[in-house]
Amino acid sequence: MSGHDRERRAPGQVKEVTSLTNPVIKDIRALALKKYRDREHLFMTEGLKLIIDAFEAGWTIRTLLYAKAGRGNEAVEKLAARTVAAGGLVLVVSEKVLSAVTRRDNPQMVVGVFEQKTLPLDAVKPAKGDVWVALDRVRDPGNLGTILRTADAVGAKGVILVGDCTDPFSIETVRATMGSIFAVPIVRAGLDAFLAWRKGFAGRMIGTHLEGSVDYRAVDYRQGAILLMMGNEQQGLPESLASACDALVRIPQAGRADSLNLAVATGVMLYEIRRDALPLEDRSRS
Ligand code: SAM
């Protein structure tokens with residue numbers, strides 16, 4: 001039985017913890033490892049605003065940790081009350097505990113442990129105008145976090161992780177999303193399952209490729225749903241995925257770089273695809 005399970009027998013409590021040997025603190029520190037995140041289906045996020053956003057978006061909190069300095073802070077105490085009402089555990093902890101949990105010298109005042117949430121592939125039923133992003137074996141947590149944040153910014157419907165990808169619930173990825181982890185649905189799929197699902201996808205799958213035959217600005221993205229397929233950082237798109245695309249587009253480059261960073265290329269593509277959905281705003285008089 002994990003520390004979390006023991007504590008959950010007495011939910012809705014507020015406790016003070018200063019020791020790194022406390023079983024719940026040990027469990028939370030173990031979430032730095034993917035093995036434990038996968039086993040417990042939990043992940044950690046930092047910062048008051050992000051945790052409030054997570055609550056608003058309907059994510060389930062298990063534990064809220066806050067620094068002793070947060071006592072008397074209205075927003076923190078409100079969050080603690082919401083956590084208790086939701087059956088979670090609240091720990092008031094020392095700075096040393098917060099630093100150890102977040103692996104930071106100057107940790108945020110509040111940390112939340114939430115249940116992971118992903119969508120199954122067959123729940124993805126795109127409608128006209130929808131944009132989904134598929135990532136082939138994305139390896140870098142910073143890239144994945146930035147792509148989730150950008151997908152959120154342009155109003156994409158979600159991100160499909162194809163094959164062996166970096167964990168969207170690692171602390172590095174969650175940090176890089178700046179809160180978008182709570183806003184953008186994530187799907188995980190093996191290559192074969194993805195290719196089988198793609199056959200029934202009612203829309204166009206647009207792949208990006210350094211050898212793409214079409215300039216990305218020459219495609220009209222306005223008809224039907226779009227599935228944007230991005231390749232792995234080192235190897236690009238494999239033939240199996242490239243040949244499943246309706247078009248392979250390239251982003252022109254001048255200069256010596258042989259390719260764009262994956263997250264930058266995704267951002268360029270998403271803003272082009274969403275050009276009409278994000279209309280010009282005249283702020284000159286405001
Ligand atoms: N060496 C890899 C290759 O040969 O494809 C480079 C991969 S690049 C760092 C990662 C992904 O970003 C690519 O698979 C593609 O999806 C996208 N990408 C980067 N630059 C691009 C460009 N100029 N045109 C189209 N896609 C690009």
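Numbering of ligands and ligand atoms starts at 1, following listing order.
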- Task: Would you mind checking which non-hydrogen protein atom is closest to atom 16 (O) of ligand 1, with the distance to 0.1 Å?
- Result: Thr208 OG1, 2.5 Å
- Note on the structure: Honestly, for Val249 the part within reach of ligand 1 (heavy atoms, under 4.0 Å) is backbone
- Message: Checking a contact table here: which protein heavy atom is nearest atom 7 (C) of ligand 1, and how many Å away?
- Response: Glu233 O, 3.3 Å
- Measure Asn232 to ligand 1 on non-hydrogen atoms and call it side chain, backbone, both or neither using the 4.0 Å cut-off. backbone
- Is the Phe182 to Trp59 ring centre distance short of 6.0 Å? yes
- Item | Salt bridge flag under 4.0 Å for residues Arg82 and Glu56 | yes
- Item | Asp246 with Arg198: basic N within carboxylate O range, under 4.0 Å | yes
- Task: Compare all side-chain heavy atoms of Thr63 with those of Val111 and state whether any distance is below 4.5 angstrom.
- Result: no
- Could you pull out, from Leu260, Leu241, Leu210, the option with a heavy atom nearest to atom 4 (O) of ligand 1? Leu210
- Item | Protein residue, atom and distance nearest to atom 18 (N) of ligand 1, heavy-atom basis | Ala265 CB, 3.7 Å
- N/O separation below 3.5 Å, Ile251 to ligand 1: yes
- Before accepting this row, confirm whether a basic side-chain N of the pair Glu172/Arg175 lies closer than 4.0 Å to the acidic partner's carboxylate O. no
- Proximal ligand 1 atoms for Gly236, defined as those under 4.0 Å from one of its heavy atoms: 2 (C), 3 (C), 5 (O), 14 (O)
- Within 45 degrees of the axis of the six-membered ring of Phe169 and under 6.0 Å from its centre: does Arg37 put its NZ or CZ there? no
- Message: Under a 4.0 angstrom heavy-atom cut-off, which atoms of ligand 1 come close to Arg250?
- Response: 24 (N), 25 (C)
- Message: Tell me the contacting part of His209 for ligand 1: side chain, backbone, both, or neither, using a 4.0 Å heavy-atom threshold, strictly below.
- Response: backbone
- Task: Answer yes or no: is there a side-chain heavy-atom contact under 4.5 Å between Arg137 and Gln234?
- Result: no
- Task: Kindly determine whether Leu248 and Glu211 satisfy side-chain contact (heavy atoms from CB on, under 4.5 Å), including the steps that lead there.
- Result: CA-CA 8 Å; Leu248 287 179; Glu211 307 301 327; over 6 Å; no
- Query: Who's closest to atom 2 (C) of ligand 1 heavy-atom-wise, of Gln253, Met230, Gln234?
  - Reply: Gln234
- Task: Under 4.0 Å from a heavy atom of Gly231: give me the atoms of ligand 1 that qualify, with their elements.
- Result: 10 (C), 11 (C), 14 (O), 16 (O)
